[in-house]
Amino acid sequence: MKFKEKGNFAERCYEILRKVPKGKVTTYKAVAKKLGTKAYRAVGRAMNKNPHSFFNGGNVACHRVIGSDGSLVGFAHGLKKKGEMLKSEGIEIKNGKVDLEKYEFKF
DNA sequence: TATTTGACCAAGA
DNA sequence: ATCTTGGCCAAAT
């Protein structure tokens, strides 16, 4: 009984993102690792789709996900917007980057 | 079914 | 420090 359950992967990502408290951020790598995979890219791609975005009535903080380097890699509505949102949550951004040491939320 | 893509990452030049 | 290359995995086309 091997159920591939494709599509479940993305759902998992959203669940994890929901666990990230306000004022904290996580990295694609961390999420992928949590899922027990190395599909960093797949995670980000799932965010791009983000069926649970705030605009869709969901509550997945896709903007709290950043690169392992602390950079705001990308955002569906523009990196600029992403930075603003993070600042609004109390996260300090320096030179377009976030201090992972301070704001990275560990599961 | 096969190919391409993507909000990544690490290493090399 | 920046740019390029290769590798990784899942979803889209």
Side-chain angles (χ1 to χ4, degrees):
Chain A
M1 29 189 278
K2 287 177 65 171
F3 297 104
K4 265 317 201 127
E5 293 193 65
K6 78 178 164 212
N8 194 286
F9 176 86
E11 294 289 316
R12 278 283 192 42
C13 300
Y14 307 135
E15 280 295 297
I16 293 175
L17 293 185
R18 276 182 210 191
K19 298 187 326 192
V20 178
K22 179 171 176 284
K24 290 278 184 179
V25 297
T26 188
T27 65
Y28 299 97
K29 188 176 180 183
V31 175
K33 194 166 190 179
K34 195 70 187 146
L35 294 175
T37 180
K38 290 155 253 172
Y40 319 117
R41 312 182 105 186
V43 176
R45 223 173 58 74
M47 294 299 105
N48 191 311
K49 309 268 304 185
N50 199 3
H52 299 288
S53 63
F54 297 108
F55 316 98
N56 284 317
N59 52 341
V60 176
C62 44
H63 61 270
R64 286 183 200 155
V65 189
I66 61 178
S68 70
D69 175 283
S71 309
L72 308 186
V73 192
F75 190 54
H77 289 270
L79 287 174
K80 187 167 169 293
K81 190 81 176 182
K82 187 171 181 178
E84 293 294 301
M85 294 169 84
L86 291 174
K87 287 266 283 191
S88 190
E89 301 210 336
I91 296 175
E92 199 171 345
I93 301 178
K94 305 186 192 81
N95 196 15
K97 293 192 179 172
V98 180
D99 290 334
L100 286 175
E101 297 296 304
K102 299 177 67 170
Y103 300 109
E104 182 180 25
F105 174 70
K106 282 136 189 163
F107 303 96

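Numbered from 1 within each chain, the chains take letters A, B, ... in sequence-line order.
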Interatomic distance, A:Asn50 CG vs B:dG6 P [rounded to whole Å]: 17 Å
Listed partners of A:Asn56 passing side-chain hydrogen bond (donor to acceptor under 3.5 Å, both in side chains), at least two apart: A:Ser53
Steps toward side-chain contact (heavy atoms from CB on, under 4.5 Å) verdict (A:Phe105, A:Val25): CA-CA 6 Å; A:Phe105 174 70; A:Val25 297; over 6 Å; no
Residues A:Lys87, A:Glu84: salt bridge by 4.0 Å N-O rule: no
d(NE2, A:His63; P, B:dA7) in whole Å: 18 Å
Can you give me the N/O atom pairs linking the protein to nucleotides 2-5 of chain C at distances under 3.5 Å, or say none if there are none?
none

Sugar-phosphate, base or nothing in reach of A:Lys49, heavy atoms under 4.0 Å: sugar-phosphate
Any residue meeting side-chain hydrogen bond (donor to acceptor under 3.5 Å, both in side chains) with A:Glu89, in chain and number order, not counting sequence neighbours: A:His63, A:Arg64
Side chains of A:Phe54 and A:Val60 in contact at under 4.5 Å (non-hydrogen atoms): no
Length of the NZ-P vector between A:Lys33 and B:dC9, whole Å: 13 Å
Shared hydrophobic cluster, A:Tyr40 / A:Leu17 (ILVMFWY, side-chain heavy atoms < 4.5 Å): no
Contacts table for residues 70-83 of chain A: side-chain donor-acceptor under 3.5 angstrom, sequence neighbours left out:
from: A:Ser71; atom 1: OG; to: A:Asp69; atom 2: OD1; distance (Å): 2.7
from: A:Lys82; atom 1: NZ; to: A:Val65; atom 2: O; distance (Å): 2.5
from: A:Lys82; atom 1: NZ; to: A:Gly74; atom 2: O; distance (Å): 3.1

Sugar-phosphate only, base, or nothing, as touched by A:Ala32 at under 4.0 Å among non-hydrogen atoms: nothing
For atom CG of A:Leu72 and atom C1' of B:dA7, their distance in whole Å: 10 Å
Rounded distance (Å) that lies between atom C1' of B:dG6 and atom CZ of A:Phe75: 16 Å
Spacing of A:Asn48 atom CG relative to C:dT13 atom P, expressed in whole Å: 11 Å
Interface polar pairs with nucleotides 7-10 of chain C, N/O, under 3.5 angstrom:
from: C:dG7; atom 1: O6; to: A:Arg41; atom 2: NH1; distance (Å): 3.3
from: C:dG7; atom 1: O6; to: A:Arg41; atom 2: NH2; distance (Å): 3.3
from: C:dC8; atom 1: N3; to: A:Arg41; atom 2: NH1; distance (Å): 3.4

Atom-to-atom span, CG of A:Leu35 to C1' of C:dA11 - whole angstrom: 15 Å
A:Tyr103 (side chain) donor-acceptor with A:Ile93 (main chain) under 3.5 angstrom: no
Residues forming a side-chain hydrogen bond (donor to acceptor under 3.5 Å, both in side chains) with A:Lys94, sequence neighbours excluded: A:Asp99
